[in-house]
Amino acid sequence: MLEGKVAIVTGGTKGIGFSIVKKFLDNKAKVVLFGSRKETVDKAVEELKKINENYDVMSFYPNLTNEEELKECFLNINNIYGHIDILVNNAGISSHTKIEDFSVSEYDKISDLNIKSVFMCSKLIVPYLKESKGVILNTSSMVSIHGQQSGVMYPASKFAVNGITKSLARELAHEGIRVNAVAPGVIETDMVKALPKEMIEPLIKTIPLGRIGQPEDVANAFLFLASDMASYITGVILSVDGAARN
Ligand code: NAD
């Protein structure tokens, strides 16, 4: 479904991002995964090459809020492949800190990775996507619709992701660039494994489809939205949550 396309996936070293990378590779895209450290991106590429040595995959670890680093990285990727077609802004961190304990430094950390990096990567990729008539995809969350009982800046950051998605979809439509988001529910990754059992188990029981989501459930939605099958879809926040409404 993505033959000939070049995709960048931030937060591609594990969890949902890793599954998106693998799904795109299985559909014949060339993929550049981003992570936060050399060791983790190297490990992810090694793992993928073990699965299929013919995967066309490489990695970088730019600071996602550093304009100069990102510019250089996108230029390098464009020089290597000649075009960039898909950006997936997936890297994100969560929080369950209560409001009284929520520090300004945690606020900055969440807003930098979950909002500023989405803004920065999107802004800097647009010149390339104008050429390729490409696609920007963002990882939102079900909490972007209903909020969350603690960790206020996490849901707030995903409300912002939805705002960026809907606004850029309108701003960039005339350039032929589509912008969509996927809003996962409870997905079995390290992010969810890190949460207290008392919080997660009751939540899973309320999911109408009767199970926790898998990273691949989410990756399938990204594949669809990245592909030409979604050529008339832009500005959408696609829920992939088994009808969970937290
Ligand atoms: P994860 O912790 O398994 O993976 C997070 C990814 O983000 C990793 O690849 C990591 O390298 C990257 N990352 C973390 N900090 C970074 C930094 N400072 N700079 C660059 N990259 C960094 O998490 P996940 O569950 O796969 O989450 C991926 C996305 O999905 C996030 O945006 C998250 O908010 C969203 N999400 C997850 C769930 C869930 O239930 N797991 C639900 C809704 C939304």
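Note that ligands are numbered from 1 as they come in the structure, with each ligand's atoms numbered from 1 the same way. Worth saying up front: this structure is predicted, and the values here are computed from it rather than measured.
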Suppose we measure from [atom] to each protein heavy atom; which comes out shortest, and what is that distance?
atom	value
atom 24 (P) of ligand 1	T189 OG1, 3.6 Å
atom 27 (O) of ligand 1	M191 CE, 3.8 Å
atom 44 (C) of ligand 1	S140 O, 3.2 Å
atom 5 (C) of ligand 1	G92 O, 4.1 Å
atom 34 (O) of ligand 1	Y154 OH, 2.6 Å
atom 8 (C) of ligand 1	T13 OG1, 3.6 Å
atom 21 (N) of ligand 1	A91 CB, 3.7 Å

Hey, is [X] one of the residues with a heavy atom under 4.0 angstrom from ligand 1?
X	value
G185	yes
G213	no
S94	no

Should the proximity of [X] to ligand 1, defined as any heavy atom under 4.0 Å, be assigned to the side chain, the backbone, both, or neither?
X	result
Y61	neither
E188	neither
I187	both
P215	neither
L64	side chain

Using a plain distance cutoff, I'd like to know if [X] has any nitrogen or oxygen under 3.5 Å from a nitrogen or oxygen of ligand 1.
X	result
I16	yes
G11	yes
S141	no

Salt bridge [X]-[Y], side-chain N to carboxylate O under 4.0 Å:
X	Y	result
E188	K193	no
K98	E100	no
D228	K133	no

Under 3.5 Å donor-acceptor, [X] side chain and [Y] backbone:
X	Y	value
S141	K158	no
N180	V236	yes
S59	F34	no
R178	L225	yes

Nearest non-hydrogen partners of A29 and L25, listed with the distance: O-CD2, 3.6 Å

Of all heavy-atom pairs between V88 and F24, which one has the smallest distance, and what is that distance? CG2-CE2, 3.8 Å

Pair [X]-[Y], side-chain donor/acceptor within less than 3.5 Å:
X	Y	answer
T65	D112	no
D42	Y61	no
D26	Y55	yes
S122	N89	yes
N138	T165	yes

On a heavy-atom basis, I'd like to know which of [options] is closest to [atom].
atom	options	value
atom 32 (O) of ligand 1	N90, T139, T10, N114	N90
atom 3 (O) of ligand 1	K193, R37, M142, K14	K14
atom 14 (C) of ligand 1	I110, V186, V161, L113	L113

Which of the numbered atoms in ligand 1 are under 4.0 angstrom from any heavy atom belonging to [X]?
X	answer
V192	39 (C), 40 (O), 41 (N)
G12	9 (O)
G15	3 (O), 26 (O)

